[in-house]
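Bear in mind the structure is a predicted one, so any value in this text is a computation, not a measurement.
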Amino acid sequence: MILVCYGTRPEIIKLAPVIDELKARGLPFKTVFTGQHKDLYLQFKNAVPKPDYCLEMQASRTLSDTMAAIIVYLDQILAKGEVKLLIVQGDTASTFACALSAFNQKVAIGHVEAGLRTYNLASPFPEEGYRQMISRIATLHWAPTDNALTNLKKEGMSHARMTGNTVMDSCMATHYPISYSNKVLVTLHRRENFGERMIKLFNEIEELAYRHPELEVLFPMHPNPQVRMHKDIFKKVQVIEPLEYLDTLKLISEAKFIISDSGGLQEECVAFRKKILICRENTERPESIEVGIGKIVNTDILANYRWAYDEPEWIGVNPYGEGNARKAIVNHIVEYFDL
């Protein structure tokens, strides 16, 4: 049996196509929801089957508390000896905890979106550390890009395959028309931006909205208290509740440009040909910079926004695949286990 694990919004988004493909091929699988983004999960729970296992995560946990709870919970499931492959996605605390539990139980691990690197353990923290450690213990590595595959091969990983990014599967299935309205989508949530950096980012975005009243600056605000505590800074910016995933993709398809610290948005913007100002010091998705759809601005939005404002339409080659990642991943599983 295959066990697919997810706990956060991005994990569900990127694992949903894989789950659909496993179901379409009649391969036996179950799912486990580890419960970090419970409120966000409810917005698109219909995208995946009802979890076979669900951990009731307590609020206000430290990262260590979260990981310990997940490991104990997964150990109980894996101890039954039914799981032959555990699938995880990305680089979150839940991803690493699930992978570590599987490793301890000698269960094979399949890693969706493997090989992303900054090679700076402090940025992004703690994600860079998690994804490097997952690669050391994973069995099957599914790289979303050629750069990611190169990283894995350089590190000596076997059973690594370039599959494309599963987010392209989801984006391209919408068939939303692309337009360039006066909407600007903003999302900020990363731990590395908490505190003074978040205050500076909020003030710069508010100033942008003040300088350009023709823009409709929309900020679906993450529920994390470290983000929401600063929302009173905004007077011109429209703070709204988090959107359902398909509504988010529709907004991307209509937006003039994007301001974000999200990794996933750097990929989704490619599907809808929208430039993105990346509010980070670096990115594990260098492809976005290389093809010219992303620009790292750190906290300096006002000094850089005209790159996207003046010429919003991006014309380039999509480095994240053509929407067939789910098939490539399941093909690899079938080959490896001779199913």
Inset, instruction - Test Ile109 against Phe103 for side-chain contact (heavy atoms from CB on, under 4.5 Å), laying out the working first. - result: CA-CA 7 Å; Ile109 301 161; Phe103 178 72; 4.1 Å; yes

Inset, instruction - State plainly whether the residues Glu196 and Lys200 are in salt-bridge range, i.e. N to O under 4.0 Å. - result: no

Legend entry - Heavy-atom side-chain contact between Ile252 and Tyr176 under 4.5 Å: no

Legend entry - Cation-pi geometry met for Lys250 and Phe272 (6.0 Å, 45°): no

Legend entry - Enclosure of Arg136 CZ (heavy-atom neighbours >12, cutoff 6.0 Å): no

Legend entry - Side-chain ion pair, Glu128 and Arg131, N-O less than 4.0 Å: yes

Legend entry - Polar contact flag, side-chain donor to acceptor under 3.5 angstrom, Thr62-Ser64: no

Inset, instruction - State, without any angle test, whether Glu11 and Ser94 hold a side-chain donor-acceptor pair at a distance under 3.5 Å. - result: yes

Legend entry - Polar contact flag, side-chain donor to acceptor under 3.5 angstrom, Ser135-Arg117: yes

Legend entry - Glu268 and Lys14 ion-paired at < 4.0 Å: no

Inset, instruction - May I ask you to check whether Arg197 and Asn298 show a side-chain donor-acceptor distance below 3.5 Å? - result: yes

Inset, instruction - Quick one: pull up CG in Leu86 and CD1 in Ile2 and give me the separation to the nearest 0.5 Å. - result: 10.5 Å

Legend entry - Polar side chain donor-acceptor pair, Arg190 to Asn224, under 3.5 angstrom: no

Inset, instruction - Taking all heavy atoms of Thr31 and all of Pro51, pick out the closest pair and write down the distance. - result: OG1-CA, 3.2 Å

Inset, instruction - With the side chain counted from C-beta on, respond yes when Thr95 and Tyr130 share a heavy-atom pair under 4.5 Å apart, and no when they do not. - result: no

Legend entry - Heavy-atom closest contact (Ser170 atom, Pro17 atom, distance): OG-CG, 3.4 Å

